[in-house]
> 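Sharing a structure below in structure tokens format, with a few things to ask.
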Amino acid sequence: MSRVTKDALDDAVVRAVEGAVSSRECGAVVTFRGVVRDVDGGRDVTGLDYEAHPDATEVLRRCCAAVSAETGLRVAAVHRYGVLTIGDVALVASVASGHRAEAFAACSLLVERIKAEVPIWKRQHFTDGDSEWVGL
């Protein structure tokens, strides 16, 4: 289920990611949606472009596998690339566990690991016509 895609991350994708981690013994499913916002650092944002390295899906899968191995929990994530507008979902990450505290902690770990390791680059576009690459 974990992959990098140009496809929109709609509710069906979110349900699929959650379904990939859910099981009868898990009482907690925590899902994070990273949504394109309209402001960053006090500047008005009009949209984002995400570029992904050809190996981004494999790196994302390794991040998921590592977090799963470290926590013993079921995890999955999908990251979008391409042109995104305000309100679009850029990342869906989900973790299931027996209890909520460990699911929240593992989901946070998963998102941070993805942001640090997956070769996806973000370019923000501002209302004043400027743009900047973030996280290079």
Side-chain angles (χ1 to χ4, degrees):
M1 165 52 30
S2 298
R3 69 186 190 283
V4 174
T5 182
K6 273 195 131 172
D7 298 334
L9 303 185
D10 58 15
D11 288 340
V13 172
V14 174
R15 284 191 302 276
V17 173
E18 290 176 341
V21 300
S22 297
S23 67
R24 294 174 62 112
E25 69 272 6
C26 293
V29 176
V30 171
T31 301
F32 170 81
R33 294 185 198 196
V35 180
V36 178
R37 62 186 180 270
D38 67 355
V39 66
D40 187 44
R43 297 180 72 189
D44 293 332
V45 174
T46 60
L48 304 174
D49 298 333
Y50 280 101
E51 297 208 9
H53 188 276
D55 294 334
T57 291
E58 180 56 33
V59 176
L60 177 68
R61 288 180 177 154
R62 284 196 309 258
C63 287
C64 289
V67 170
S68 180
E70 290 170 27
T71 63
L73 302 178
R74 300 166 58 112
V75 308
V78 177
H79 202 302
R80 186 173 171 195
Y81 69 98
V83 177
L84 282 74
T85 60
I86 304 306
D88 285 347
V89 177
L91 172 64
V92 176
S94 193
V95 176
S97 69
H99 302 283
R100 70 181 176 274
E102 61 190 359
F104 277 110
C107 193
S108 181
L109 175 64
L110 178 61
V111 170
E112 293 304 320
R113 184 80 49 90
I114 289 167
K115 289 178 66 78
E117 296 182 18
V118 178
I120 296 176
W121 305 279
K122 176 173 71 173
R123 183 177 185 182
Q124 296 188 119
H125 299 280
F126 300 101
T127 56
D128 62 8
D130 283 345
S131 65
E132 70 180 8
W133 288 97
V134 178
L136 293 180

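Computation of the quantities below employed the complete heavy-atom set of this structure, encompassing side-chain atoms and omitting hydrogens, waters and symmetry-equivalent molecules. The residues of the chain are indexed from 1 along the displayed sequence.
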> Of V89, L91, V35, D88, which is the lone residue that meets side-chain contact (heavy atoms from CB on, under 4.5 Å) with L9?
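It is V89, the one option of V89, L91, V35, D88 that forms the side-chain contact (heavy atoms from CB on, under 4.5 Å) with L9.
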> Quick one, V17 and T31 - any side-chain contact, counting heavy atoms below 4.5 Å?
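Counting from C-beta outward, V17 and T31 never come under 4.5 Å.
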> Same cluster or not: I114 versus V92, using hydrophobic residues (I, L, V, M, F, W, Y) connected whenever any side-chain heavy atoms lie under 4.5 Å apart?
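As far as the 4.5 Å side-chain criterion goes, V92 and I114 are not connected within one cluster.
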> Donor-acceptor pair, S2 side chain versus A76 backbone, under 3.5 Å?
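Not a single qualifying donor-acceptor pair exists.
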> Could you pull out the closest heavy-atom pair between L73 and E102, with the gap in Å?
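Smallest heavy-atom distance, with atoms named: CD1-O, 3.7 Å.
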> Please check if L84 and V14 belong to a single hydrophobic cluster, counting links between Ile, Leu, Val, Met, Phe, Trp and Tyr side chain heavy atoms closer than 4.5 Å.
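No, L84 does not connect to V14 through the hydrophobic network.
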> Rest of the hydrophobic cluster containing V30 (Ile/Leu/Val/Met/Phe/Trp/Tyr, side-chain heavy atoms under 4.5 Å)?
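Other cluster members: F104.
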> Any heavy-atom pair between the side chains of W133 and K122 that's under 4.5 Å?
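No. Closest side-chain heavy atoms not under 4.5 Å.
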> Got a second to check how far R74's CZ is from E25's CD, nearest 0.5 Å?
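Reported value, rounded in 0.5 Å steps: 6.5 Å.
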> Please tell me whether L60 and V111 are part of a single hydrophobic cluster in this structure, the criterion being side-chain heavy atoms less than 4.5 Å apart.
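Yes; V111 is reachable from L60 via cluster members.
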> Does the side chain of V21 reach to within under 4.5 Å of the side chain of C26, using non-hydrogen atoms?
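No, side chains not in contact.
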> For the side chain to side chain donor-acceptor pair (under 3.5 Å) test, which of T46, D49, D44 pairs with H125?
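Option passing the side chain to side chain donor-acceptor pair (under 3.5 Å) with H125: D49.
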> Answer whether the closest heavy-atom distance between the side chains of R37 and V45 falls below 4.5 Å.
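No, every pair of side-chain atoms sits at 4.5 Å or beyond.
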> Looking only at non-hydrogen atoms, find the nearest pair between V13 and A8 and report the distance.
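Minimum heavy-atom contact is CG2-O, 3.8 Å.
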> Taking the side chain as C-beta and beyond, is there a heavy-atom pair between D128 and R43 under 4.5 Å?
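Of all side-chain heavy-atom pairs linking R43 with D128, at least one is under 4.5 Å.
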> With hydrophobic residues grouped by side-chain heavy-atom distances under 4.5 Å, do I86 and L48 end up in a single group?
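They do share one cluster, since a chain of ILVMFWY contacts under 4.5 Å joins I86 to L48.
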> First locate atom CZ of R80, then atom OG1 of T5, and finally report the distance between them rounded to the nearest 0.5 Å.
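Answer for the CZ-OG1 pair, R80 versus T5, is 8.5 Å.
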> Between H79 and A90 (side chain of the first, backbone of the second, donor and acceptor by atom type, cut-off under 3.5 Å), is there such a pair?
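It does hold such a pair.
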> Can you give me the closest heavy-atom contact between F32 and C107, atom names plus distance?
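The answer is CB-SG, 3.9 Å.
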> Donor-acceptor pair, R3 side chain versus T57 backbone, under 3.5 Å?
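No; judged by distance alone, with no hydrogens or angles, the pair does not exist.
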> Are D11 and R33 within salt-bridge range, i.e. N to O under 4.0 Å?
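Judged by the 4.0 Å cut-off on N to carboxylate O distance, D11 and R33 do form a salt bridge.
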> Which residues satisfy the side chain to side chain donor-acceptor pair (under 3.5 Å) test with R62, sequence neighbours excluded?
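Applying side chain to side chain donor-acceptor pair (under 3.5 Å) to R62 gives none.
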> Give me the atom names and distance for the closest heavy-atom approach of T71 to A106.
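Nearest heavy atoms, T71 then A106: CG2-CB, 4.0 Å.
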> When rounded to the nearest 0.5 angstrom, what distance separates CG in D38 from CZ in F126?
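These two atoms lie 12.0 Å from each other.
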> Counting only heavy atoms not in R100 (residues, nucleotides, ligands), do more than 12 fall under 6.0 Å from its CZ?
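For R100, atom CZ is not crowded (no more than 12 foreign heavy atoms under 6.0 Å).
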> Would you say L110 and C64 make side-chain contact, with heavy atoms under 4.5 Å?
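A side-chain contact exists here, since the closest heavy-atom pair is under 4.5 Å.
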> Is it the case that atom CD in E70 sees more than 12 heavy atoms from other parts of the structure closer than 6.0 Å?
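Buried by this count: over 12 neighbours within 6.0 Å.
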> Side-chain heavy atoms nearer than 4.5 Å, only ILVMFWY residues, links allowed to pass through others: does that put V59 and M1 together?
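No, separate clusters.
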> Taking H99 for its side chain and A101 for its backbone only, find out whether a donor-acceptor pair lies under 3.5 Å.
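Looks like no, no N/O pair under 3.5 Å.
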> So, do V4 and I120 sit near enough that their side-chain heavy atoms are less than 4.5 Å apart?
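Side-chain contact under 4.5 Å: yes.
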